[in-house]
Participant: 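For reference, the structure I am asking about is given below.
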Amino acid sequence: MTRVAVLGGGNWGTAYAAIMADAGCTVRLWARRQKVVDEINTDHVNSGYLPDRVLPDTIAATSSYAEALDDAEIVVVAVPSQTLRDNLADWRDLLPSDAPVVSLMKGIELGTGERMSQVIAEAGGVDADRIVVVSGPNLAPEIAARQPAAAVVAAASPRVRAKVAEASATAYFRPYLGTDVVGTEIAGATKNVIALAVGMASGMGMGDNTMASLLTRGLAETARLGTALGADPQTFLGLAGVGDLVATCASPLSRNRTFGFRLGQGMSLQEVIDSTKQTAEGVKSCESILQLAQSVDVDVPIVENVAAVVHEGRDPKDVVGALMSRARKHEVN
Ligand SMILES: NC(=O)C1=CN([C@@H]2O[C@H](COP(=O)(O)OP(=O)(O)OC[C@H]3O[C@@H](n4cnc5c(N)ncnc54)[C@H](O)[C@@H]3O)[C@@H](O)[C@H]2O)C=CC1
Ligand SMILES: O=C(CO)COP(=O)(O)O
C-alpha cells in the first residue's frame, strides 16, 4: 500500500485523499483545525466541506504536518495558492527527499507571478522532476460522490507521473498522463477567472450565448498566454483546458462562478467576500495572471476586466460594454 501525505483538509484535499484511499493507498491527511482532524478520525466525515461523504478508514487525519509527512511515498498539496509559500517554509525540512510532490492547486502567486510548481520548487526545495500537477474538470463534491471524471497528471518525469496516476486511479477517477506542466497550470488558474466572468454575466440575467462566448474567448486568451509562456497549445483543448472550463463555468458548485454570480446580482465586493467560506482562487489570481500576461505582452481582456471589478470596484455592468466595444479583430490570434 502506497503511503500518501495529503496536506490540506479542505474541499479538494479531502476529496483527493478519498480518491487515493479508494485506489488502495494509506493516507495521512493534514488539516489545520483539530476539530476537523477529530471529526475525520472519529466519525470518518469532514462535515464542513463534504458532509455527504463517509471517508474510508484508511484515511487518518492529523494536525501535525511532521506526522503526515513522515515516511510518505507521495506528497499531495491542496492549500490556497496564496498561502503555499508560507506553508512550505514550515514543511521544507520535512518533505521526503525522493517522493513526488503533487500540486492540486489552481492559482498564480501574487507578487511573483509564479505557478504553484515553481513555488514548490523554489520554497520547498523540490527538484522539478519530482513535481506533478493534477488538473481537470474535478468539482470536489461530485468526485466525493464517486461520479465519473477524468484529469490530467502532468509531470516532466515519466516514472513520477506514472506513479501518481497509478496511486490515483479508481473506478470513478481516470487519470490521463501529460507532460505539459506549464499549460496545465495556466489553464487551471485562468479558468477560475473566466468562471468569475461567466458568473457575473449569469448573475446579471444573461443566458447561454453569453456564457459560451465568454468561455470560448476566455479559452482563446488562456491559450494565448500559456503558449507565450511555453505551453503546448493542445493542452488547452484537453481536460485541464476546455474540460475544466466547461465544468467550472457551468456548475453552481463552483466557488468562482458563485462569487461572480453574487457580484452580478448586485452584492458588494465585501458582501461577497464575507459570504464566501471556501477558496475562490480567481479573486486573487486575476491580478497575478494579468501581471503575468503583461510581462509577456499578451492581451487578456476578460481577465483584465474581472480584475477591474474585483480590485478596482468597477461595476460588472460596465464590463459588458467594455468587452463588446473592443476594436474589431480576427477570431484566431
Ligand atoms: N474544490 C474543488 O473542487 C477543487 C479545488 N481545486 C484547487 O485546490 C486548491 C485548494 O482548494 P480547496 O480545497 O477547494 O479549498 P478549501 O477552501 O475548501 O480548503 C482550503 C484548505 O486550506 C486550509 N487553509 C486555509 N488557509 C491556510 C493557511 N494559511 N495555511 C494552510 N492551510 C490553510 C483551509 O483550512 C482548508 O483546509 C485550490 O487551489 C483550488 O483551486 C482544484 C480542483 C478542484
Ligand atoms: O477547479 C474546480 C473544478 O475543476 C473547482 O472550481 P471552484 O474552485 O470554482 O469551485
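Each ligand, and each atom within it, is numbered from 1 in the order the structure gives.
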Participant: To check your reading of the model: name the closest protein heavy atom to atom 8 (O) of ligand 2, its residue, and the distance in Å.
Facilitator: Arg255 NH2, 2.9 Å

Participant: Side-chain donor-acceptor contacts of residues 125-136 below 3.5 Å, not counting sequence neighbours, with atom names and distances?
Facilitator:
residue, atom, partner, partner atom, Å
Arg130, NE, Ser97, O, 3.3
Arg130, NH1, Pro96, O, 3.0
Arg130, NH1, Ala99, O, 2.7
Arg130, NH2, Ser97, O, 3.3

Participant: At the 4.0 Å heavy-atom cut-off, does Ser251 count as touching ligand 2?
Facilitator: no

Participant: Is Lys106 touching ligand 2 with its side chain, its backbone, both, or neither, if touching means heavy atoms under 4.0 Å apart?
Facilitator: side chain

Participant: Where's the contact between Asn256 and ligand 2, heavy-atom distance under 4.0 Å: side chain, backbone, both or neither?
Facilitator: both

Participant: Under a 4.0 Å N-O cut-off, is there an ion pair linking Asp299 with Arg326?
Facilitator: yes

Participant: Going by heavy atoms, is Lys191 under 4.0 Å from ligand 2?
Facilitator: yes

Participant: Between the candidates Leu104, Asp244, Leu253, which shows the shortest non-hydrogen contact distance to atom 4 (O) of ligand 2?
Facilitator: Asp244

Participant: Is there a donor-acceptor contact under 3.5 Å linking the side chains of Ser117 and Arg115?
Facilitator: yes

Participant: Quick check: closest heavy atoms across Arg314 and Ala322, and the distance to 0.1 Å?
Facilitator: NH2-CB, 3.6 Å

Participant: Would Gly136 count as being in polar contact with ligand 2, using the rule that some N or O on each side must be under 3.5 angstrom apart?
Facilitator: yes

Participant: Report the residues that fulfil salt bridge (Lys or Arg N to Asp or Glu O under 4.0 Å) with Glu281, sequence neighbours left out, ordered by chain and then residue number.
Facilitator: none

Participant: Going by the atom numbers of ligand 2, which of them fall below 4.0 Å from some non-hydrogen atom of Thr248?
Facilitator: 3 (C), 6 (O), 9 (O)

Participant: Closer than 4.0 Å to some heavy atom of Asn138 - which atoms of ligand 2 meet that?
Facilitator: 3 (C), 4 (O)

Participant: Among all residues two or more places apart in sequence or in another chain, which pass the salt bridge (Lys or Arg N to Asp or Glu O under 4.0 Å) test with Arg255?
Facilitator: none

Participant: Answer yes or no: does atom OH of Tyr172 have more than 12 heavy-atom neighbours from other residues, nucleotides or ligands under 6.0 Å?
Facilitator: yes

Participant: Salt bridge check, Glu73 against Lys163: does any charged N sit closer than 4.0 Å to a carboxylate O?
Facilitator: no

Participant: For Asp297, is the CG atom crowded, meaning more than 12 foreign heavy atoms sit under 6.0 Å from it?
Facilitator: no

Participant: Using a threshold of 4.0 angstrom between heavy atoms of the protein and any atom of ligand 1, which residues qualify?
Facilitator: Gly9, Gly10, Asn11, Trp12, Gly13, Trp30, Arg32, Tyr49, Ala78, Val79, Pro80, Ser81, Thr83, Asn87, Leu104, Met105, Lys106, Asn138, Leu139, Ala140, Arg255, Gln278, Thr279, Glu281

Participant: Flag yes if more than 12 heavy atoms outside Asp208 fall under 6.0 Å of its CG atom; otherwise flag no.
Facilitator: no

